[in-house]
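One structure is given here, and the rest of the page talks about it.
In this chain, residues are counted from 1 in sequence order. Just follow the structure's listing: the first ligand is 1, and inside any ligand the first atom is 1.
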Amino acid sequence: MRVLVTGAAGFIGSHLVDRLVADGHRVTGVDDLSTGKLANLADARRAKGFSFHRFDITSTDLLTLVARDRPDVVCHLAGQMDVRRSVADPLHDTRTNVLGTVNVLEACVRTGVPRVVFASSGGTVYGEPPSVPVTERAALRPASPYGAAKAAAETYVAAYARLHGLRGVSLRLGNVYGPRQDPHGEAGVVSIFAGALVAGRPTTVFGDGTSSRDYVYVEDVVDAFLRCLGGKGDGRRLNVGSGRATSVRALHALVAKAVGAPDAPEFAPPRSGELQAVALDSSAARRALGWEPAVTLEDGLARTVDWLRATRKR
Ligand SMILES: NC(=O)c1ccc[n+]([C@@H]2O[C@H](COP(=O)([O-])OP(=O)(O)OC[C@H]3O[C@@H](n4cnc5c(N)ncnc54)[C@H](O)[C@@H]3O)[C@@H](O)[C@H]2O)c1
């Protein structure tokens, strides 16, 4: 298949590219390198069947590339992914996450690309869910510009299906973690804790540590994208998470154990706007895609810590 990946140089996008290339697909990557790194694509760029283009997804370069490339599917992951930045600069967030998505959808429609797979956010589109684990039937009540933008972008994906017949699926990802993650954004807490503990620096838990999230390993997320390439998820919005709510305090203990460091975080006042509890019921993804997370939090943390240690040595 010919697959175009936006956000290819980012944390999740680069893992997706690596897997697609390994599976023999012809892959085109797009990224403006605003947070992504070319180093994440080092392996892919040495492989046959991969090309990389640096530009902003809101620009007309996208249409030109898609018209030339004619992919069978676009995996759209380029985005501004920092919730706090979306609060500080909502216009920038909207431009990238909403206008960028509309530009991707328009390029697909104008050039006859049949399908998109969109990286939405299960951790933010529901806001504070009425109960956890939350199913896709819960109302969308985002509590940040980032969550609102993801909810809007999903709605555009659905509208383009009805209006133009562009097939699409929105994957509502939990807090994704794993190698190559930068220590900011939605799920940066794993890399923040792990990076600090590996380096022997102190760690801070904001609030009383009871707020909880659904952590999902990056390879499991990549697997969910792959399962959508052939159309199994078309027309759906699917949660992609572990179903398990892990408190920040418990996460710290698990990361400390994986590192072999003392589990002794400092505590600081809570940060405003933080949600209390999110966990995602992914049974719809299991039924539609046959997807289930394969990597436990303990294993995923061990792999992340191994990667951090290996990259520190270089
Ligand atoms: N990491 C998570 O826990 C998580 C959870 C839910 C959803 N998501 C979504 O998944 C996607 C990938 O997230 P990530 O964690 O890999 O973050 P990331 O920041 O590593 O990746 C995003 C990539 O998009 C690129 N980008 C940003 N704006 C761009 C623009 N205007 N034009 C072209 N490229 C642009 C960045 O340079 C970066 O490489 C994002 O859309 C994010 O919102 C992430």
Side-chain angles (χ1 to χ4, degrees), residues 4-18 28-41 44 52-62 65 74-83 85-86 89 91-104 107 116-126 142 144-154 157 170-192 213-222 224-225 237-242 275 278 280 300 304:
L4 190 141
V5 179
T6 72
F11 161 48
I12 306 171
S14 64
H15 283 280
L16 177 60
V17 166
D18 282 348
T28 303
V30 172
D31 204 297
D32 68 354
L33 302 181
S34 50
T35 58
K37 297 186 195 78
L38 269 187
N40 288 341
L41 293 171
F52 177 74
H53 303 265
R54 179 180 184 175
F55 58 77
D56 185 328
I57 47 151
T58 62
S59 72
T60 54
D61 292 343
L62 187 73
L65 179 68
V74 173
C75 293
H76 175 41
L77 291 90
Q80 190 301 111
M81 48 70 79
D82 187 331
V83 176
R85 181 166 182 205
S86 82
D89 190 353
L91 284 185
H92 167 78
D93 184 80
T94 310
R95 208 172 291 122
T96 309
N97 289 342
V98 182
L99 294 186
T101 301
V102 174
N103 204 34
V104 167
V116 289
V117 186
F118 170 58
S120 185
S121 162
T124 62
V125 292
Y126 300 109
S144 63
Y146 173 80
K150 287 292 183 183
E154 275 188 8
V157 172
S170 292
L171 296 179
R172 293 179 173 165
L173 313 180
N175 282 39
V176 190
Y177 72 98
R180 297 182 189 157
Q181 185 172 32
D182 260 354
H184 27 72
E186 268 194 273
V189 65
V190 169
S191 50
I192 293 170
R213 298 288 180 273
D214 186 324
Y215 295 95
V216 57
Y217 191 62
V218 65
E219 279 179 14
D220 281 330
V221 169
V222 164
F225 273 86
R237 308 179 189 203
L238 296 170
N239 288 342
V240 173
S242 68
L275 302 174
V278 186
L280 304 172
T304 308

Hey, is ligand 1 close enough to Leu173 that some N/O pair sits below 3.5 Å? no
Just distances here: any N/O of Gly13 and N/O of ligand 1 closer than 3.5 Å? no
CG of Leu275 to OG1 of Thr124: how many Å apart, nearest 0.5 Å? 8.0 Å
With rounding to the nearest 0.5 Å, note down the distance linking CZ in Phe11 to CG in Leu77. 11.0 Å
Starting from the C-alpha separation in whole Å, work towards a yes-or-no answer on side-chain hydrogen bond (donor to acceptor under 3.5 Å, both in side chains) for Ser14 and Arg180. CA-CA 9 Å; Ser14 64; Arg180 297 182 189 157; 2.9 Å; yes
Go through the steps to decide whether Thr28 and His53 satisfy the test side-chain hydrogen bond (donor to acceptor under 3.5 Å, both in side chains), and finish with yes or no. CA-CA 8 Å; Thr28 303; His53 303 265; 5.3 Å; no
With heavy atoms only and a cut-off of under 4.0 Å, state how Ala8 meets ligand 1: side chain, backbone, both or neither. neither
Asp32-ligand 1 polar pair, N/O distance under 3.5 Å: yes
Quick one: does Gly100 get a heavy atom under 4.0 Å from ligand 1? no
Below the 3.5 angstrom mark, is there an N/O of Thr58, backbone or side chain, next to an N/O of ligand 1? no
Whether Gly123 lies under 4.0 Å from ligand 1, heavy atom: no
Roughly how far, to the nearest 0.5 Å, is the OG atom of Ser121 from the CG atom of Asn175? 7.5 Å
Would Ser14 count as a contact of ligand 1 if the rule is a heavy atom under 4.0 Å away? no
N/O of Gln80 under 3.5 Å from N/O of ligand 1, yes or no? no
Any nitrogen or oxygen of Thr96, main chain or side chain, under 3.5 Å from a nitrogen or oxygen of ligand 1? no
Sequence neighbours excluded, which residues qualify as ring-ring contact (aromatic ring centres under 6.0 Å, His included) partners of Tyr126? none
So which bit of Lys150 gets within less than 4.0 Å of ligand 1, heavy atoms only: side chain, backbone, both or neither? side chain
Min over Phe55, Tyr215, Phe11, Tyr146 of heavy-atom distance to atom 8 (N) of ligand 1 lands on Tyr146
If every non-hydrogen atom of Asp93 is compared with every non-hydrogen atom of Pro145, which pair is closest and at what distance? OD2-O, 3.4 Å
From CG (Leu91) to CG (Asp89), nearest 0.5 Å: 6.5 Å
Quick check on Ser59 - does any of its heavy atoms sit under 4.0 Å from an atom of ligand 1? no
Which of the numbered atoms in ligand 1 are below 4.0 angstrom from a heavy atom of Ala78? 24 (O), 34 (N), 35 (C)
Rounded to the nearest 0.5 angstrom, the OG-OH distance for Ser191 and Tyr177 is 12.0 Å
Options Leu77, Thr35, Val190, ranked by nearest heavy atom to atom 38 (C) of ligand 1, top entry: Thr35
